[in-house]
Amino acid sequence: MKPTSNPFETEFCTIFDGKNDLNGYIDAYAQYICNVTETICKGYSSVNECLNSHDPNATMYTDLTLSSRPWVWQVCTEYAYWQTGSPTSIPVTIVSRKLDTKWYQRQCPLLFGEENIPSEPQWRSINQEYQGWNINLNRTFFIDGEYDPWRTLSVQSDSAPVRETNKYTRYAILPGAVHCWDYTVSDYISDDIKQVHKDLYNAISGWIADSDAEKHNNNN
């Protein structure tokens, strides 16, 4: 998904057009998953070879050139940012509950070697060091998309303490946006993103000016 195009609407939501009962919805979704799987697994001899997470010789574990490895290393060792299904205390879940922390963490030793990683990510140490939702920084601009799954973990989570923008710490949640939409520069992005770009530019310009003034005063 990008600010200028939304395949979720054009390629996913449209598969349910004309369907008016549960069986129709299930058939449409099943066909969509089949099509996605076929695309993902093109070039593999079978779906099992493509998606098997148990084979230590699978490409997903042995290909050291994959650009995702540095991020997965951080998740396996520190962050534990697994995109799991909802806990059973929540009645419904979009993501299968079979995708739980154990399912993800089982893959970490296969990726990096059991001797090279902790038995579980050290997220408690990270939260203790950086104070989690209570982190206090200045000259920092926090930007999140409303529907970015990482916002749940950020200082702008709906469950985090309420924060107020001030001169040295700014906060912005982009309506309807997902991950990294604020990175896009285009004539076709939303007015909200354009405004955040202006606010970010003005904030950083002001902080640089303040820093220059402090250095000048300290030298006199």
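All values below come from the heavy atoms of this structure, side chains included, with hydrogens, waters and symmetry mates left out. Computed from a predicted structure; not experimentally measured.
- Contact of the T77 side chain with the P121 side chain is not registered, since no non-hydrogen atoms from C-beta on lie closer than 4.5 Å.
- In summary, the side chains of Q105 and W82 do present a donor paired with an acceptor at a separation below 3.5 Å, with no hydrogens or angles considered.
- Closest approach of E11 and Y32 over heavy atoms only: O-CE1, 3.7 Å.
- In this structure the side chain of F142 reaches within 4.5 angstrom of the side chain of Q156, judged on heavy atoms.
- Side-chain N or O atoms of T93 include one that pairs as donor or acceptor with a backbone N or O of S86 at under 3.5 Å.
- Here the closest non-hydrogen pair linking W133 and L153 is NE1-O, 3.3 Å.
- Here the CG-CG distance, from D55 to N52, works out to 5.5 Å after rounding to the nearest 0.5 Å.
- Between P118 and E78, every side-chain heavy-atom pair lies at or beyond the 4.5 Å cut-off.
- Between H216 atom NE2 and N218 atom CG the span is 10.5 Å, to the nearest 0.5 Å.
- A donor and an acceptor atom, one from each side chain of N48 and S46, are nowhere located under 3.5 Å apart.
- In summary, K19 and D27 do not engage in a salt bridge, as defined by a charged side-chain N under 4.0 Å from a carboxylate O.
- Surrounding CD of E115 are more than 12 heavy atoms belonging to other residues, nucleotides or ligands, all under 6.0 Å away.
- Looking at T37, its side chain does come within 3.5 Å of a backbone N or O of I33 through a donor-acceptor pair.
- One finds the SG atom of C50 at 13.0 Å from the NZ atom of K42 (value rounded to the nearest 0.5 Å).
- For F16, the CZ atom is densely surrounded, since the number of other residues' heavy atoms within 6.0 Å is greater than 12.
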Kindly indicate, with the supporting measurements, whether the criterion side chain to side chain donor-acceptor pair (under 3.5 Å) is fulfilled by D199 and Q195. CA-CA 6 Å; D199 294 342; Q195 186 60 52; 2.9 Å; yes

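- The two residues E120 and R124 have their closest heavy-atom pair at OE2-NH1, 3.4 Å.
- Other residues, nucleotides and ligands contribute at most 12 non-hydrogen atoms within 6.0 Å of the CD atom of Q128.
- In summary, the side chains of Q74 and Y79 do present a donor paired with an acceptor at a separation below 3.5 Å, with no hydrogens or angles considered.
- Considering every non-hydrogen atom in both P56 and L110, the closest pair reads CB-CD2, 3.9 Å.
- The backbone N or O of D182 sits less than 3.5 Å from a side-chain atom of H197, completing a donor-acceptor pair.
- Under the 3.5 Å distance criterion, the side-chain polar atoms of W207 are matched with a main-chain donor or acceptor of K167.
- The CH2 atom of W181 lies 10.5 Å from the CG atom of D148; values are rounded to the nearest 0.5 Å.
- A side-chain donor-acceptor contact under 3.5 Å links S154 to the backbone of R151.
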Applying side-chain contact (heavy atoms from CB on, under 4.5 Å) to T39 and V36, what does each step give before you reach the verdict? CA-CA 5 Å; T39 299; V36 170; 5.7 Å; no

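- The local environment of OH in Y171 is crowded, with over 12 non-hydrogen atoms from other residues, nucleotides or ligands closer than 6.0 Å.
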Does the side-chain contact (heavy atoms from CB on, under 4.5 Å) test come out yes or no for I204 and F141, once each step is laid out? CA-CA 9 Å; I204 294 177; F141 203 128; 6.0 Å; no

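- Within the 3.5 Å criterion, the main-chain N or O of L137 finds a donor-acceptor partner in the side chain of T169.
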One pair to check against side-chain contact (heavy atoms from CB on, under 4.5 Å): T152 and W150. What are the steps and the verdict? CA-CA 5 Å; T152 304; W150 303 133; over 6 Å; no

Can you check side-chain contact (heavy atoms from CB on, under 4.5 Å) on R139 and D210, steps first, answer last? CA-CA 10 Å; R139 292 176 179 167; D210 289 344; 3.8 Å; yes

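- L174 and Y183 are not part of a single hydrophobic cluster, where members link through side-chain heavy atoms under 4.5 Å apart.
- For the atom pair CD1 of I117 and SG of C76, the computed distance is 5.5 Å after rounding to the nearest 0.5 Å.
- Under 3.5 Å, the side chains of Q31 and N35 contain a donor-acceptor pair of N or O atoms.
- The backbone N or O of G176 lies less than 3.5 Å from a partner atom in the side chain of E146, making a donor-acceptor pair.
- Looking at R170 and I143, their side chains never come closer than 4.5 Å, going by heavy atoms from C-beta outward.
- A continuous path of hydrophobic side-chain contacts links L200 to Y168 [ILVMFWY only; heavy atoms under 4.5 Å].
- Between the side chain of E38 and the backbone N or O of C34 there is no donor-acceptor pair closer than 3.5 Å.
- One finds the CG atom of L111 at 6.0 Å from the OH atom of Y61 (value rounded to the nearest 0.5 Å).
- A donor-acceptor distance shorter than 3.5 angstrom exists from the side chain of T62 to the backbone of A58, with no hydrogens or angles considered.
- Within 6.0 Å of CG in N136 there are 12 or fewer heavy atoms belonging to other residues, nucleotides or ligands.
- Within a 6.0 Å sphere centred on OH of Y130, heavy atoms belonging to other residues, nucleotides or ligands number 12 at most.
- Around atom CD of E114, no more than 12 heavy atoms belonging to other residues, nucleotides or ligands sit under 6.0 Å away.
- Residue K194 qualifies as enclosed at atom NZ: its count of foreign heavy atoms under 6.0 Å is above 12.
- Side-chain heavy atoms closer than 4.5 Å link hydrophobic residues (I, L, V, M, F, W, Y) into clusters, and following such links, possibly through other members, connects W71 to Y104.
- Note on I173 and I193: separate hydrophobic clusters, where clusters join Ile, Leu, Val, Met, Phe, Trp and Tyr whose side-chain heavy atoms are under 4.5 Å apart, directly or indirectly.
- When atom types are taken as modelled, the side chain of R106 and the backbone of S53 share a donor-acceptor pair closer than 3.5 angstrom.
- Cluster membership for Y44 and I40, using ILVMFWY side-chain heavy atoms within less than 4.5 angstrom, is not shared.
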